[in-house]
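Report on the following structure.
A, B, ... follow the sequence lines: proteins, then strands. Residue 1 opens every chain. Source: prediction; values computed, not measured.
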Amino acid sequence: MEIFALMLSAVLIENFIFSRFMGCCPFLGVSEKPSTAVGMGMAVVFVMTLSSALTWAIYYLILVPFHLEYLQTIAFILAIAALVQFIELFLRRFVPALYGALGIYLPLITTNCAVLGAALINIQQGYSFLESVIFGCSAGLGFTLAIVIFAGVRQKMTFCNPPRAFRGFPLTLIAAGLAAMAFSGFSGLSM
Amino acid sequence: MQLMDILTPILWFALLGGVFGLLLAIAARVFAVKTDPRIPQMEEALPGANCGGCGYSGCSAYAEAIAKGEAEVNLCAVGGTPVAQRLAAVMGVEAGEIVPHRAVILCSAEKSEATMKYLYEGARDCVSATRLGAGERLCEKGCIGLGSCAAVCAFGAIKMKNGLAWVDPELCTGCGTCFKACPKHIIRMVPVKNNYVVSCSSTENGKLTRLACTKGCIGCRICEKKCEVGAITVTDNLASINYDLCTNCGACATACPRHIIVTVGKVELV
């Protein structure tokens, strides 16, 4: 039950984009078409899950024993960058179909603050290894949910004819704000 | 102890970085994918504009297709014969000749010169507009003017002017992307050596064409009679030039009472 609450909280209540405001760059950048949004979302789920596991191990096996907790941010950045590189090489060799599907989104994630954010929150909240992995995975799912919903919204927006001043990015930002407000309704869910 | 406080993180991070670096280096070696060495060579030879005129999503996709033997080497209209020859050299095959073309919009009526059926307020692209009763113009073959061709042009060669697309012959590379994008099919690829085009696509009779716009070919056959080499034929009330026969004499352009036969790229001046 606690695991379920953790997942639900990461996906809906504490949604990375709409309530923590992390990963807004890919959220606005790759949400023009639902198909690319799904690709980006899947890549984020994949990387977040693995990076949560790796950064947890680094923190508790290396940083804590040597009292280097204050260096966690830079250690995590290093670990995530290396992990993404490794995954890319691995996929290109063994799962070329997935590599093709994730395409440019995989290297883009290296610098995605949502991935680093998930790693840092895991430590802050004192999650166990299993909880960390589950949190990372569901945070990624929450990101996917948000970006896919928003891609649908943006696709509808191409068919409207707003005043010139609102065309393009301004309208996108307003729509994102409205979506975030809608998601704030989930904060009423108490677990 | 203070020295150790500084040394431990340095050592650990050096170690971490070293281990990650080593792992990646090993992974790069172990997971190396054998790529066809001809593909980068061909990418080098291609223009790199990724216009999609060849039918592939970009220059590297085209290079891959050639390497796999799925595509011919003479599909790049932008690079023309020199690029085809270089691709052929890489692949070890014969390159054919590519006749360079450029796109021309076969409509010369600006919005104010055309009769409108209704006022279109929908999505700003030609495909959507065409679906609504074939567009707002009375003329079935008129330029929609919302710039779907300009949007796909990778070279910025198409400009929209008062609801009419115009191709800059200096910038057009003849890739043919606009030709495929136009829902009205009123873009024609004309060989670069030819200067004259019939800048109208209307196949309605003279009366209806006059009703639809102040320009437009009425099928009077004067050009057909004036052409000394028989390159012009009028079918379905519309003149068309056979570019294999045309000698660029310009007799048709001077004779046309509707001034609809024009020099390529000079549509805007007529």
Side-chain angles (χ1 to χ4, degrees), chain A residues 32 35-36 50-51 54-55 57-100 103-104 107 110 154-164 166-168 171, chain B residues 1-36 39 50 56-58 60-61 64-65 67-68 118-132 136 144-148 151-152:
Chain A
E32 267 169 10
S35 54
T36 54
L50 289 178
S51 72
L54 181 68
T55 51
I58 287 183
Y59 186 79
Y60 286 104
L61 299 181
I62 297 174
L63 299 187
V64 172
F66 292 93
H67 307 292
L68 300 174
E69 290 94 336
Y70 62 98
L71 286 172
Q72 51 172 319
T73 309
I74 194 158
F76 290 175
I77 290 174
L78 180 71
I80 290 168
L83 178 74
V84 173
Q85 283 279 305
F86 184 80
I87 293 171
E88 205 186 343
L89 290 167
F90 181 83
L91 287 184
R92 203 168 73 180
R93 177 74 175 83
F94 292 108
V95 204
L98 186 62
Y99 176 77
I104 182 74
T110 318
R154 276 184 83 166
Q155 228 177 18
K156 290 269 178 213
M157 283 196 315
T158 52
F159 293 109
C160 64
N161 197 4
R164 190 167 286 274
F166 286 100
R167 264 177 219 167
L171 198 67
Chain B
M1 263 326 269
Q2 267 189 333
L3 188 66
M4 279 313 284
D5 282 349
I6 299 167
L7 277 183
T8 343
I10 291 177
L11 282 175
W12 268 111
F13 271 78
L15 191 69
L16 265 182
V19 168
F20 282 138
L22 204 65
L23 270 178
L24 284 180
I26 293 170
R29 189 68 59 81
V30 174
F31 299 152
V33 181
K34 286 193 188 73
T35 45
D36 197 324
I39 294 175
N50 295 320
Y56 294 89
S57 59
S60 48
E64 262 173 55
K68 279 189 200 156
Y118 63 92
L119 194 63
Y120 178 73
E121 284 283 0
R124 313 313 287 167
D125 79 296
C126 300
V127 180
S128 307
T130 309
R131 284 189 181 147
L132 204 61
E136 56 185 345
I144 297 283
L146 293 174
S148 285
V152 294

Measure across [X] and [Y] and return the closest heavy-atom pair with its distance rounded to 0.1 Å.
X        : Y        : value
B:Val30  : A:Arg93  : O-NE, 4.1 Å
B:Gly17  : A:Leu78  : N-CD2, 4.0 Å
A:Ile74  : B:Phe13  : CG2-CE2, 3.5 Å
A:Ala82  : B:Leu24  : O-CD2, 3.7 Å
B:Ala123 : A:Phe159 : CB-CD2, 3.8 Å

Tell me, yes or no, whether the heavy-atom count around [X] atom [atom1], taken from other residues, nucleotides or ligands under 6.0 Å, exceeds 12.
X        : atom1 : answer
B:Leu15  : CG    : yes
A:Phe166 : CZ    : no
B:Arg131 : CZ    : no

Open item on the list: Just to be sure I understand the criterion: a residue of residues 57-65 of chain A counts if one of its heavy atoms is under 4.5 Å from a heavy atom of chain B. Which ones qualify?
Closed with: A:Ile58, A:Ile62
TODO: Check whether A:Leu71 gets within reach of chain B through its side chain, its backbone, both or neither, counting any heavy atom under 4.5 Å.
DONE: both
Task: Residue A:Ala81 versus chain B: region with a heavy atom under 4.5 Å - done: neither
- [ ] Taking side chain to side chain contact (heavy atoms under 4.5 Å, CB included) as the test, write out the residues that go with B:Ala67, two or more places apart.
- [x] B:Asp36, B:Ile39, B:Met42
TODO: Give me the ring orientation class for A:Phe66 and B:Trp12: parallel if the planes are under 30° apart, tilted from 30 to 60°, perpendicular past 60°.
DONE: tilted
